[in-house]
Structures are given as C-alpha cells and as structure tokens.
Amino acid sequence: MSASNHVAMARLAEQAERYTDMSFEMRKAIEASAGIISEDERNLFSVAYKNVVGQRRSSWRAMCGIEKKLNEGDPKLSHVKTYKSRIENELTELCNEVLSILNDLLIKNAVDSCSKVFYMKMKGDYYRYLAEVADGDKRKDIVQKSHDSYEEASKIALPRHAYVT
C-alpha cells in the first residue's frame, strides 16, 4: 500500500476514533515515505500516538490511585499491581515505538527547522512519558534524555525568533 493510502486509512481511523489503527497506519505511511512527510501528516502522526499513549497514561494513573488506597494485605492488591505492570509495559512499548520512528526516520529526514523542532519536542514528550513509569537510575537517564531533547528543540527554534519583539 502507498503512503497516501495509509494516510487515507489513518484519517478514517481518526474519524472512527480508532487511534490504535490510526497510529499503525501513520507508522506505515512514514515508513513508506522514508520519513519525509507533510505538516498535515506530521500532525496526524502526533494525534494518533498522543491518543493511544494518553489512554495508557490515564489508565496507569488510575491504577496508581487504586493501589494507594488498598492495604498491603488486600487480595485485590496483587491484581492491581499485575494490571498496572501490564499497562506500564504497553506504555513503554508505545513510547519506544514513537521514539524509534522519530530517531530512525523523522528527525534525520526533517526538511525544515519547524519540523525538526516539532520532532525534538515530541521526542522530549515521549521520554517524559517513559519517565513517569520508570524509577531509580533508569528514570534519571530517561529524564536527562527528555531534557536534552527539549534543549535541542530550543536551540533550533530560538535563532529563528531571536529578533522578535
């Protein structure tokens, strides 16, 4: 299937609010176009994954709230922890998928600074989402990667706006 067909399918999935399908189609569209996409396609990519990942983040926070309310001896606690772990794994997998698409295809093929800033900011966001569910040294490393991505986006963006008053 061509990149334009994948984008058309992503638009249909968006109208149906089937964001997992939308993210799949946008990933395929980006792969088919070797990482060179339009601003509109860039926004479709962002919306698709923001919704898919956002759902997992919301679910994870709900499980954290439930977990905090339960006592250590409560038989439900192990089920909550297991389910929370499953959600963490899904969230981590999705974030890593986005980061892979960004690093392997989109950032290195960005044709203008606006696109590169968008992708670097998005990269920072998805590292931040990973940091929400990480702990210890792993969290520290992920937070640093998020910070570095935001900083790189700022460095690219600031020269363009240095003389704006």
Side-chain angles (χ1 to χ4, degrees), residues 6-7 9-11 13-31 33 35-70 77 79-110 113-158:
H6 285 294
V7 170
M9 291 301 296
R11 288 184 201 287
E14 181 182 28
Q15 290 174 340
E17 296 182 13
R18 292 182 49 91
Y19 298 106
T20 300
D21 294 344
M22 185 182 180
S23 64
F24 172 82
E25 294 297 341
M26 285 312 301
R27 180 172 44 87
K28 291 298 187 183
I30 292 165
E31 290 168 353
S33 65
I36 300 171
I37 60 175
S38 70
E39 182 179 349
D40 184 47
E41 292 164 345
R42 181 182 76 196
N43 291 332
L44 287 170
F45 169 66
S46 178
V47 166
Y49 280 98
K50 183 115 178 135
N51 279 285
V52 171
V53 169
Q55 180 190 30
R56 272 39 171 223
R57 291 174 68 214
S58 179
S59 298
W60 183 81
R61 286 190 299 270
M63 290 301 102
C64 286
I66 293 168
E67 183 180 27
K68 285 178 184 173
K69 291 178 184 176
L70 296 175
L77 186 59
H79 296 297
V80 170
K81 286 183 176 186
T82 300
Y83 198 54
K84 181 180 143 192
S85 177
R86 181 173 146 198
I87 294 165
E88 283 176 18
N89 290 337
E90 289 176 10
L91 178 60
T92 299
E93 188 176 304
L94 286 165
C95 287
N96 285 330
E97 181 176 314
V98 172
L99 290 167
S100 176
I101 294 167
L102 288 166
N103 289 324
D104 298 343
L105 293 167
L106 295 173
I107 293 170
K108 71 181 183 181
N109 292 310
S113 60
C114 281
S115 295
K116 189 147 188 174
V117 167
F118 185 93
Y119 297 142
M120 293 305 295
K121 184 203 166 287
M122 193 172 175
K123 182 176 174 178
D125 292 343
Y126 283 84
Y127 275 125
R128 185 169 44 88
Y129 304 153
L130 281 174
E132 289 175 357
V133 299
D135 52 17
D137 288 339
K138 187 175 181 180
R139 183 178 190 284
K140 208 171 162 180
D141 179 52
I142 294 169
V143 166
Q144 186 60 52
K145 288 178 181 179
S146 178
H147 173 358
D148 293 347
S149 298
Y150 288 134
E151 196 167 283
E152 179 68 22
S154 292
K155 284 179 186 175
I156 297 165
L158 286 177

Check whether the side chains of [X] and [Y] place a donor and an acceptor atom closer than 3.5 Å, and report yes or no.
X: D148; Y: Y127; value: no
X: E97; Y: Y49; value: yes
X: K50; Y: Y129; value: yes

Exercise. Taking only residues two or more places apart in sequence or in another chain, which ones pass salt bridge (charged side-chain N to carboxylate O under 4.0 Å, His left out) with K28?
Worked result: E31

For this session: For K116, check salt bridge (charged side-chain N to carboxylate O under 4.0 Å, His left out) against everything at least two apart and list the hits.
Result: none

Within this structure, what is the [atom1]-[atom2] distance for the pair [X] and [Y], rounded to the nearest 0.5 Å?
X: E14; Y: Y19; atom1: CD; atom2: OH; result: 6.0 Å
X: Y126; Y: I101; atom1: OH; atom2: CD1; result: 10.0 Å
X: N43; Y: M26; atom1: CG; atom2: CE; result: 9.5 Å
X: I37; Y: I30; atom1: CD1; atom2: CD1; result: 4.5 Å
X: R11; Y: E25; atom1: CZ; atom2: CD; result: 12.5 Å
X: D125; Y: M120; atom1: CG; atom2: CE; result: 11.5 Å

Got more than 12 heavy atoms from elsewhere within 6.0 Å of [atom1], [X]?
X: R86; atom1: CZ; answer: no
X: D40; atom1: CG; answer: yes
X: R57; atom1: CZ; answer: yes
X: E151; atom1: CD; answer: yes

Does the [X] side chain pair with the main chain of [Y], one donor and one acceptor, at a distance under 3.5 Å?
X: S85; Y: K81; answer: no
X: S154; Y: Y150; answer: yes
X: S33; Y: A29; answer: yes
X: S23; Y: T20; answer: yes
X: E41; Y: S38; answer: yes
X: R56; Y: V52; answer: yes
X: N103; Y: L99; answer: yes
X: K140; Y: G136; answer: no
X: S149; Y: K145; answer: yes

For this session: Measure the shortest side-chain to side-chain distance between T82 and H79 over non-hydrogen atoms and say whether it is less than 4.5 angstrom.
Result: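 The answer is no, as the side chains (C-beta and beyond) never meet within the 4.5 Å cut-off.
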
Exercise. Do N96 and L130 have side-chain heavy atoms sitting under 4.5 Å apart?
Worked result: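 Yes. Closest side-chain heavy atoms under 4.5 Å.
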
For a quick test of reading the model, state the closest non-hydrogen atom pair linking [X] to [Y] and the distance between them.
X: M122; Y: F45; result: CE-CE2, 3.2 Å
X: V53; Y: C95; result: CG1-SG, 4.2 Å
X: M22; Y: L44; result: CE-O, 3.4 Å
X: A13; Y: D21; result: CB-CB, 3.9 Å
X: I142; Y: A131; result: CG2-N, 3.6 Å
X: S59; Y: I87; result: CB-CD1, 3.8 Å

For this session: Salt-bridge test for D141 and K138: reply yes if a basic N is under 4.0 Å from a carboxylate O, no otherwise.
Result: no

For this session: Identify whether the distance between the nearest side-chain nitrogen and carboxylate oxygen of D104 and K108 falls below 4.0 Å.
Result: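 So D104 does not pair with K108 through a salt bridge.
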
Exercise. For S115, what residues pass the side chain to side chain contact (heavy atoms under 4.5 Å, CB included) criterion, not counting sequence neighbours?
Worked result: R42, A110, D112, Y119

For this session: Apply side chain to side chain contact (heavy atoms under 4.5 Å, CB included) to K84 and E67, showing your working.
Result: CA-CA 9 Å; K84 181 180 143 192; E67 183 180 27; 2.8 Å; yes

